[in-house]
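Numbering of ligands and ligand atoms starts at 1, following listing order. Keep in mind that this is a model prediction, so the values were computed, not measured.
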Amino acid sequence: MKVPCSAIVIGAGIVGASTAYELALRGLKVTLIEAREGAGLGTSYANGGQLSACEVAPWAGPEIPALILRWLGRDDAPFRLRPKMDPEQWLWLLKFLLRCRASARAERIPPNLEIALLTRARLAAYERAFAEAGTPLDFQRKEKGILRIFRDVHAMKEAERESAIITRMGLEQKLLTPAECAALEPALGSAMQRGDIAGGLYAASDSSGDAHLFSRGIADGAARLGVKFLSNTSVTRILTDGSKVRGVKTTQDAVAADAVVIAAGTETRALLGPFGIRSYIYPLKGYSVTLPAPEGNAPEVSITDEERKIVISRLGDRIRAAGQAEVGGYDLTLEPARARSVLDALEGVLPQVGPRREEAGFWCGLRPMTPDGSPVIGEVPGISGLFVNSGHGTLGWTLGPGSAAALASLICDPAPQPTLSPFSISRF
Ligand SMILES: Cc1cc2nc3c(=O)[nH]c(=O)nc-3n(C[C@H](O)[C@H](O)[C@H](O)COP(=O)(O)OP(=O)(O)OC[C@H]3O[C@@H](n4cnc5c(N)ncnc54)[C@H](O)[C@@H]3O)c2cc1C
């Protein structure tokens, strides 16, 4: 393939903004087009903040069908299905249920981990380069690890067994007793005393940070490298000449380029639709709550509470919890009861947040989710120059910058690294 001179990236979330930056680093003339007024205002706005290379297993797994049945009809359930008259939803669900096998889950861990490790390397490189240029990339990163806590010993043993794949790939995780969990993260003291913690699995090398600040920062960095950022501009159609891409039509003007990257999150489906190509990316709605960190006893370590199905991250002087998964279409209405259940779960594990409860800000977003828990990264078959970098689902922060670097390498480098065949759009 001839290396393109110019590229358009559609969408300025974590994934698109990083992709624009990586392509500009390789010398391409890049236009980044975003429907909203700035970068990181879609699903990348207020996620759980975890950069969790040690937790890249897909959600689809053998325990999921029983959990879905157990939670059916419960308004505060961590998972909810809202059936729609949309064949895309049913096809997605069917493919998701077919992936609810231990072997299918295990199969996705190594490729996801490779991209997550690339994210780690790229974030470190960005931080270094931005600092050297005198424009630090501050996204309130905390390099204190991620602690998964379990109430159920059986679930903990199962997680430990699954984590063996990660350990074999060189990442250490440590099993902790309840007392060791509280010693590592004193904010968990009262949960430990109540007998709420049967043990923990600690990944010291993982970290957390604010994905919105990152998206904005990397988009600014891309602009400094010459990337043209068109905000408040929607791409309405991808333009082709026979089987070759030639640009996009937008709500403003048409823009020409040799390559187009779709990094439009859950809108990827709409952009691929006219070509008769299915991405199998479907929205999975989630909620987060952000409130001032309690003085004196706020967590530093990022926490995954496996019983309550929430993640918790410290972001500067704030604390954020995120959770909930709803397969129910593209509706972004914030349901107060669902949002409050995330806050209740947070207060359940960290009662010290209680006094600041009234100051909580709620948010919901749509995870662009594939059935198998890996993103789609690569060229669209049959349309030369059209690429997808989307479908990062529950792992967009963990995988986004890595997938951006990998795709930029595919587009520009004579010997691209790493191989992207596990992420092909044709795998479904
Ligand atoms: C509650 C919750 C918690 C989460 N927690 C974590 C976590 O702890 N760790 C983790 O790794 N991941 C987490 N995620 C997942 C992560 O946030 C997403 O995977 C990630 O934000 C997806 O990024 P994106 O760039 O693909 O999509 P987005 O951020 O949605 O960006 C896509 C952009 O494309 C734009 N766009 C769409 N269509 C067009 C068009 N036609 N023209 C122009 N622009 C367009 C949109 O406006 C949007 O800004 C969480 C998600 C949720 C909802």
Side-chain angles (χ1 to χ4, degrees), residues 8-20 31-53 55-56 112 115-116 119 146 206-212 214-215 218-219 230-238 248-252 255 261-272 281 283-290 302-304 309-313 315 320-326 332 338-339 342 362-370 373 375-377 388-404:
I8 290 164
V9 179
I10 308 172
I14 301 162
V15 177
S18 307
T19 304
T31 308
L32 175 60
I33 305 182
E34 167 55 50
R36 301 177 201 240
E37 58 273 29
L41 297 175
T43 309
S44 304
Y45 184 64
N47 70 17
Q50 289 192 334
L51 288 152
S52 53
E55 274 181 69
V56 288
N112 283 358
I115 299 295
T119 290
I146 298 181
D206 277 341
S207 65
S208 58
D210 186 320
H212 171 230
F214 169 80
S215 306
I218 199 78
L230 303 180
S231 57
N232 292 311
T233 306
S234 279
V235 170
T236 52
R237 197 150 58 87
I238 291 162
V248 299
K249 190 168 181 303
T250 77
T251 42
Q252 313 293 328
V255 184
V261 179
I262 305 176
T266 52
E267 293 303 315
T268 299
R269 169 190 173 186
L271 290 163
L272 283 175
I281 296 168
L284 198 73
K285 190 174 180 178
Y287 284 81
S288 74
V289 50
T290 308
S302 183
I303 297 164
T304 301
K309 303 282 178 219
I310 56 164
V311 301
I312 302 166
S313 290
L315 302 170
R320 176 169 302 151
Q324 299 275 3
E326 178 178 304
L332 257 177
R338 305 271 299 162
V342 176
F362 298 108
W363 172 86
C364 64
L366 302 174
R367 303 174 183 91
M369 189 87 172
T370 59
V376 173
I377 320 169
V388 174
N389 194 4
S390 189
H392 297 65
T394 60
L395 293 168
W397 188 199
T398 305
L399 304 182
S403 77

>> Yes or no: does Ser390 have any heavy atom under 4.0 Å from an atom of ligand 1?
In response: no
> Does Leu41 come within less than 4.0 angstrom of ligand 1, counting non-hydrogen atoms of the residue?
Replying inline: no
> Does any donor atom in the side chain of His392 or Ser403 lie under 3.5 Å from an acceptor atom in the other side chain?
Replying inline: yes
> Is the closest side-chain donor-acceptor distance between Ser313 and Ser302 under 3.5 Å?
Replying inline: yes
> For ligand 1, which atoms sit closer than 4.0 Å to a heavy atom of Thr233?
Replying inline: 43 (C)
>> Please list the nearest protein heavy atom to atom 5 (N) of ligand 1 with its residue and the distance rounded to 0.1 Å.
In response: Gly48 N, 2.8 Å
> Roughly how far, to the nearest 0.5 Å, is CD1 of Ile262 from CD of Glu267?
Replying inline: 11.5 Å
> For atom 13 (C) of ligand 1, what's the nearest protein heavy atom and its distance?
Replying inline: Thr394 O, 3.3 Å
> Asn112 side chain to Gly373 main-chain N or O, any donor-acceptor pair under 3.5 Å?
Replying inline: yes
> Under a 4.0 Å heavy-atom limit, does Gln50 contact ligand 1 with its side chain, its backbone, both, or neither?
Replying inline: both
> Out of curiosity, Arg367 CZ to Thr266 OG1, how far, rounded to the nearest 0.5 Å?
Replying inline: 12.5 Å
> Between Ala35 and ligand 1, which residue portion shows a heavy-atom distance shorter than 4.0 Å: side chain, backbone, both, or neither?
Replying inline: both
> Hey, looking at atom 21 (O) of ligand 1, which of Ser288, Ser44, Gly393 has the closest heavy atom?
Replying inline: Ser44
> Among protein heavy atoms, which sits nearest to atom 2 (C) of ligand 1, and what does the distance come to when rounded to 0.1 Å?
Replying inline: Arg367 NH2, 3.8 Å
> In terms of atom number and element, which parts of ligand 1 are under 4.0 angstrom from non-hydrogen atoms of Gly11?
Replying inline: 33 (C), 34 (O), 35 (C)
> Does atom CZ of Phe362 have more than 12 heavy-atom neighbours, drawn from other residues, nucleotides or ligands, at distances under 6.0 Å?
Replying inline: yes
>> Any nitrogen or oxygen of Glu267 lying under 3.5 Å from a nitrogen or oxygen in ligand 1? Just yes or no.
In response: no
> Are Asp206 and Ser52 close enough that a side-chain donor and a side-chain acceptor fall under 3.5 Å?
Replying inline: no
>> So does Glu34 get a backbone contact from the side chain of Ser231, meaning a donor-acceptor N/O pair under 3.5 Å?
In response: no
> Can you find a pair of side-chain heavy atoms, one from Lys249 and one from Val235, that are under 4.5 Å apart?
Replying inline: no
>> Just verifying a value: how many Å separate Glu326 CD and Leu366 CG, rounded to the nearest 0.5 Å?
In response: 9.5 Å
>> List ligand 1 atoms under 4.0 Å from Tyr287, heavy atoms only on the residue side.
In response: 1 (C)
> Strictly by modelled atom types, are Thr304 and Gln50 linked by a side-chain donor-acceptor pair under 3.5 Å?
Replying inline: yes
> Under 4.0 Å from ligand 1, counting heavy atoms only, is it the side chain of Tyr45, its backbone, both or neither?
Replying inline: neither
>> For the backbone of Asn47 and the side chain of Arg320, can you confirm whether one donor and one acceptor N or O come within less than 3.5 Å of each other?
In response: yes
> If you count the atoms of ligand 1 from 1 in the order shown, which ones are under 4.0 Å from a heavy atom of Ile10?
Replying inline: 40 (C), 42 (N), 43 (C)
>> What protein heavy atom lies closest to atom 40 (C) of ligand 1? Include the residue and the distance to one decimal.
In response: Val235 N, 3.7 Å
>> Do Phe214 and Ser44 make a side-chain contact, defined as non-hydrogen atoms from C-beta onward lying under 4.5 Å apart?
In response: no
> Which ligand 1 atoms, with their elements, are less than 4.0 angstrom from a heavy-atom of Gly365?
Replying inline: 53 (C)
> For ligand 1, is there an atom lying under 4.0 Å from some heavy atom of Gly400?
Replying inline: no
>> Distance under 4.0 Å to a non-hydrogen atom of Leu395: what atoms of ligand 1 satisfy this?
In response: 10 (C), 11 (O), 12 (N)
> In the protein, which heavy atom is nearest to atom 26 (O) of ligand 1, and how far is it?
Replying inline: Val15 CG2, 3.5 Å
> Quick one: does Thr250 get a heavy atom under 4.0 Å from ligand 1?
Replying inline: no
> Considering only the protein, which heavy-atom contact is closest to atom 17 (O) of ligand 1, and what is its distance?
Replying inline: Asn47 ND2, 2.9 Å
> Which heavy atom of the protein is the closest neighbour of atom 35 (C) of ligand 1, given with residue, atom name and distance?
Replying inline: Glu34 OE1, 3.3 Å
>> Please list, in number order, the atoms of ligand 1 under 4.0 Å from a heavy atom of Ser234.
In response: 42 (N), 43 (C)
> What is the distance from atom OG1 of Thr250 to atom CD1 of Ile33, rounded to the nearest 0.5 Å?
Replying inline: 6.0 Å
> Would you say Gly49 has any N or O atom under 3.5 Å from an N or O of ligand 1, going by distance alone?
Replying inline: yes
> Does any N or O in the side chain of Trp397 come within less than 3.5 Å of the main-chain N or O of Ser208, such that one atom is a donor and the other an acceptor?
Replying inline: no
> Just wondering, do Thr251 and Ser234 contact through their side chains at under 4.5 Å, heavy atoms?
Replying inline: yes
> In terms of atom number and element, which parts of ligand 1 are under 4.0 angstrom from non-hydrogen atoms of Gly286?
Replying inline: 1 (C)
> Quick one: does ligand 1 sit under 4.0 Å from the side chain of Leu51, the backbone, both or neither, non-hydrogen atoms only?
Replying inline: neither
> If you measure from atom 22 (C) of ligand 1 to every heavy atom of Pro368, Ala404, Gly265, which option wins on shortest distance?
Replying inline: Pro368
>> As an exercise, state the distance from CD1 of Ile10 to CG of Leu230, rounded to the nearest 0.5 Å.
In response: 11.5 Å
> For Ala263, is the nearest heavy atom under 4.0 Å from an atom of ligand 1?
Replying inline: yes
> For atom 30 (O) of ligand 1, what is the nearest protein heavy atom, given as residue, atom name and distance?
Replying inline: Thr43 N, 3.1 Å
> Under 4.0 Å from ligand 1, counting heavy atoms only, is it the side chain of Thr236, its backbone, both or neither?
Replying inline: neither
